[in-house]
Amino acid sequence: MPSINELQLAKELIKFPSVTPIDAGIMKFLEKKLKTLGFKTKILEFKEKNSKPVKNLYAKLGKQGPNFCYAGHLDVVPAGNLKEWTVNPFKPSVKKGHLIGRGANDMKSSIAAFVSAVSNFVRNNRKFNGSISLLITGDEEGVAINGTKKVVDYLRKKKEKINFCLVGEPTNPNKLGEMIKIGRRGSMNGRLSIIGVQGHVAYPQRANNPSTALVQILNELKKIKFDNGTKNFQPTNLEITKINIDNSADNVIPGLASAKFNIRFNNKHTSSSLKKKIDSIIKKISNKNKSRYKIDYNVSGEAFLTKPNNTTFMIRDIIKKITKIKPQLSTTGGTSDARFIRKIAPCLEFGLVGKTMHKVDEAVSLSDLKKLTLIYSNILQNYFK
């Protein structure tokens with residue numbers, strides 16, 4: 001049984017320029033590694049209309065339950081301005097105790113740590129009661145329609161049971177061990193267009209300025225106090241992200257005004273309940289201003305919470321023992337693929353420190369990488385005790 005070194009594997013994974021949705025051969029490479037550990041693997045490629053195909057990987061070691069699953073993504077964001085990097089982003093380099101490269105932090109190193117942990121675990125536990133699986137996607141940094149969402153549907157159809165899932169996203173703000181994510185807020189975008197009547201500014205009675213209704217609506221939306229938050233979630237928040245009136249002349253009342261907003265919401269709401277609330281405000285103000293309107297919503301995920309249980313506390317205790325920090329159970333931050341997995345299994349997230357993710361000279365501390373591998377090894381050891 002080969003022993004897989006986490007640093008070596010992280011370097012090998014970073015070398016693949018797997019910018020969403022490009023695979024660049026990385027799934028095949030990881031599949032080969034997992035096969036040497038005895039995993040049965042399947043590369044799943046999905047393609048929805050008007051989108052590029054994406055490769056994903058589901059690998060499983062053992063046949064019986066319980067099935068402990070690790071989930072993550074091998075796709076990365078673009079490197080940006082290469083002149084600003086001190087190294088080639090796809091030629092990983094170690095400097096001052098840090099591994100630098102695109103994906104070093106988010107989240108190829110975490111995957112390397114888990115695979116290394118599995119190699120250690122399997123070497124010492126030839127026969128264990130249960131199975132270990134990996135759900136790896138190539139579509140997390142993009143629109144996420146051909147990735148984990150589709151894999152989850154596939155696993156459902158196959159009646160594949162996952163008993164617990166650990167998502168390896170970078171969860172710690174400053175130090176390894178600070179934070180475990182036990183849920184996420186929901187996220188919904190709204191795109192609002194107000195249709196008025198174009199005209200000369202000197203004759204407002206002959207026109208209907210859509211910006212009047214738009215400003216009033218946005219003002220009302222910003223005034224809403226959705227809730228005070230809960231024990232596990234911060235208050236629901238609406239932010240206006242764009243306002244647009246495409247008007248090149250100063251003496252013309254525009255015919256169209258539009259805006260975009262985003263709501264991050266806790267589990268006191270659903271996207272449907274929020275839509276109803278917002279729709280009633282838009283309708284009321286538009287009618288008052290004799291304007292027509294169009295509103296489109298895009299929901300990237302509902303709010304969810306994994307109720308802390310024995311596995312949660314076991315993981316928290318291991319992290320505390322290794323890092324000497326008691327992690328906070330949190331639901332802060334953006335969305336992650338846990339929003340899809342939680343439909344088939346309880347899941348929590350724990351990975352590296354997220355300070356450099358998506359940045360120039362993205363990096364992981366070698367000491368953190370070692371500790372994370374040890375944490376993942378201990379989790380497996382305790383889960384299958």
**Report entry** Geometric class of the Phe114/Phe68 ring pair [parallel <30°, tilted 30-60°, perpendicular >60°]
**Finding:** parallel

Report summary line: Between Arg185 and Gly333, the two heavy atoms sitting closest are NH2-O, 3.3 Å

Query raised in the report: Side-chain heavy atoms under 4.5 angstrom apart, residues restricted to Ile, Leu, Val, Met, Phe, Trp, Tyr: same cluster for Leu352 and Leu348?
Result: yes

Query raised in the report: Among side-chain atoms of Glu169 and Ser336, is any donor-acceptor pair under 3.5 angstrom?
Result: no

Query raised in the report: Backbone N or O of Asn67 within a donor-acceptor pair of the Asn163 side chain at under 3.5 Å?
Result: yes

Report task. Could you tell me whether the side chain of Asn266 and the main chain of Pro235 form a donor-acceptor pair under 3.5 Å? Result -> no

Requested in this report: Side-chain contact test, heavy atoms from C-beta onward, threshold under 4.5 Å: evaluate it for Ile182 versus Phe350 and give yes or no.
Outcome: no

Report task. May I ask you to test the Ile217-Ser286 pair for a side-chain heavy-atom distance under 4.5 Å? Result -> yes

Report task. Check whether more than 12 heavy atoms from other residues, nucleotides or ligands sit under 6.0 Å from atom NZ of Lys150, and answer yes or no. Result -> yes

Report task. Begin from the C-alpha positions of Arg184 and Thr331 and carry the test side chain to side chain donor-acceptor pair (under 3.5 Å) through to its verdict. Result -> CA-CA 5 Å; Arg184 295 276 185 159; Thr331 59; over 6 Å; no

Query raised in the report: So, does Asp75 use its side chain to make a donor-acceptor pair with the main chain of Glu141 at under 3.5 Å?
Result: yes

Query raised in the report: With a 4.5 Å limit on heavy-atom distance, are the side chains of Phe39 and Leu134 in contact?
Result: yes

Report task. Locate the shortest heavy-atom distance separating Arg102 from Pro78; write the atom from each residue and the value. Result -> NH2-O, 3.2 Å

Query raised in the report: Is it the case that one hydrophobic cluster holds both Val87 and Leu7, taking links as side-chain heavy atoms less than 4.5 Å apart, direct or via other members?
Result: no

Query raised in the report: Rounded to the nearest 0.5 Å, how far apart are OG1 of Thr335 and CD of Glu140?
Result: 7.5 Å

Requested in this report: Evaluate the side-chain proximity of Ile145 to Ser51: yes if any heavy-atom separation is below 4.5 Å, no if none is.
Outcome: yes

Report task. Please report the closest heavy-atom contact between Ser291 and Ala213, naming both atoms and the distance. Result -> OG-CB, 4.1 Å

Requested in this report: Evaluate the criterion side chain to side chain contact (heavy atoms under 4.5 Å, CB included) for residue pair Leu238 and Ile240; output intermediate values, then yes/no.
Outcome: CA-CA 7 Å; Leu238 182 147; Ile240 292 148; 4.3 Å; yes

Query raised in the report: Shortest non-hydrogen contact from Arg339 to Gly301?
Result: CD-CA, 3.9 Å

Query raised in the report: Okay, side chain of Asn105, backbone of Glu362: is any donor-acceptor separation there less than 3.5 Å?
Result: no

**Report entry** Worked verdict on Phe226 versus Phe265 for ring pair (Phe, Tyr, Trp, His ring centres under 6.0 Å)
**Finding:** CA-CA 9 Å; Phe226 294 95; Phe265 56 97; 9.2 Å; no

Requested in this report: Taking the side chain as every heavy atom from C-beta outward, state whether Asn125 and Gln381 have any atom pair closer than 4.5 Å.
Outcome: yes

Report summary line: Between the CD1 atom in Ile253 and the OG1 atom in Thr212, the distance rounded to the nearest 0.5 Å is 8.5 Å

**Report entry** Between Thr137 and Asn56: side-chain donor-acceptor atoms closer than 3.5 Å
**Finding:** yes

Query raised in the report: Is the closest side-chain donor-acceptor distance between Ser110 and Tyr70 under 3.5 Å?
Result: yes

Report task. Would you give the length of the straight line joining atom CD1 of Ile375 to atom OG1 of Thr323, rounded to the nearest 0.5 angstrom? Result -> 5.5 Å

**Report entry** Backbone of Asn174 reached by a side-chain donor or acceptor of Asn172 within 3.5 Å
**Finding:** no

Report task. Take Val76 and Ile14 through the test side chain to side chain contact (heavy atoms under 4.5 Å, CB included) and record every step on the way to the result. Result -> CA-CA 9 Å; Val76 294; Ile14 291 166; over 6 Å; no

Report task. Considering non-hydrogen atoms only, spot the tightest contact between Arg123 and Ser3 and give its length. Result -> NH1-CB, 3.2 Å

Requested in this report: Would you confirm whether Thr171, through its side chain, and Ile180, through its main-chain N or O, come within 3.5 Å as a donor-acceptor pair?
Outcome: no

Report task. Mark yes when over 12 heavy atoms from residues, nucleotides or ligands other than Asn129 sit less than 6.0 Å from its CG; otherwise mark no. Result -> no

**Report entry** Exam field: side chain Arg316 to backbone Pro327, donor-acceptor pair closer than 3.5 Å
**Finding:** no

Query raised in the report: Please walk me through it: do Ser271 and Glu302 pass side chain to side chain donor-acceptor pair (under 3.5 Å)?
Result: CA-CA 7 Å; Ser271 57; Glu302 298 288 343; 2.4 Å; yes

**Report entry** Joint cluster assignment, Phe128 & Leu380, ILVMFWY side-chain distance < 4.5 Å
**Finding:** yes

Query raised in the report: Is there side-chain contact between Leu57 and Leu34, with at least one heavy-atom pair below 4.5 Å?
Result: yes

**Report entry** Euclidean distance, Asp337 CG relative to Glu349 CD, rounded to 0.5 Å
**Finding:** 9.0 Å

Requested in this report: Classify the side-chain pair Tyr297/Asp279 by whether it contains a donor and acceptor separated by less than 3.5 Å.
Outcome: yes

Query raised in the report: Would you say Lys222 has more than 12 foreign heavy atoms packed within less than 6.0 Å of its NZ?
Result: yes

**Report entry** In one Ile/Leu/Val/Met/Phe/Trp/Tyr side-chain cluster, 4.5 Å: Ile322, Phe121
**Finding:** yes

Query raised in the report: Within the distance-only criterion (no hydrogens, no angle test), does the side chain of Lys181 pair as donor or acceptor with the backbone N or O of Thr332 below 3.5 angstrom?
Result: yes

**Report entry** Charged N-O contact under 4.0 Å between Lys359 and Asp361
**Finding:** no

Query raised in the report: Is Lys284 salt-bridged to Glu220, cutoff N-O under 4.0 Å?
Result: no

Query - salt bridge (charged side-chain N to carboxylate O under 4.0 Å, His left out) partner of Glu45, the single match among Lys52, Lys55, Lys28 - result: Lys55

Query - Modelled atom types, side-chain donor and acceptor of Asn262 and Thr241, under 3.5 Å - result: no

Query raised in the report: Going hydrophobic residue to hydrophobic residue with side-chain gaps under 4.5 angstrom, can you get from Ile136 over to Leu9?
Result: yes

Report summary line: Taken to the nearest 0.5 Å, the spacing of Leu74 CG from Asp139 CG works out to 12.5 Å

**Report entry** Check: Ile224 and Ile281 side chains under 4.5 Å, non-hydrogen atoms
**Finding:** yes

**Report entry** Neighbour count >12 (heavy atoms, 6.0 Å) for atom NZ, Lys47
**Finding:** yes

Query raised in the report: Do any N or O atoms from the side chain of Thr356 and from the backbone of Ala363 form a donor-acceptor pair under 3.5 angstrom?
Result: yes

Query raised in the report: Linking Ile, Leu, Val, Met, Phe, Trp and Tyr by side-chain heavy atoms under 4.5 Å, what else ends up with Ile344?
Result: Leu44, Phe46, Tyr58, Leu135, Val151, Val152, Tyr154, Leu155, Ile162, Val167, Phe340, Ile341

Query raised in the report: How are the rings of Phe164 and Tyr383 set relative to one another: parallel (under 30°), tilted (30 to 60°) or perpendicular (over 60°)?
Result: tilted

Query - Main-chain N/O of Ala104 paired to Ser109 side chain as donor or acceptor, under 3.5 Å - result: yes

**Report entry** Which atom of Ala79 lies closest to which atom of Pro89, heavy atoms considered
**Finding:** CB-CG, 3.6 Å

Query raised in the report: More than 12 heavy atoms of other residues, nucleotides or ligands under 6.0 Å from CG of Asn251: is that the case?
Result: yes

Query raised in the report: Does any non-hydrogen side-chain atom of Thr230 lie less than 4.5 Å from one of Leu305?
Result: no

**Report entry** Spatial distance of atom OG1 (Thr373) from atom NZ (Lys370) [nearest 0.5 Å]
**Finding:** 7.5 Å

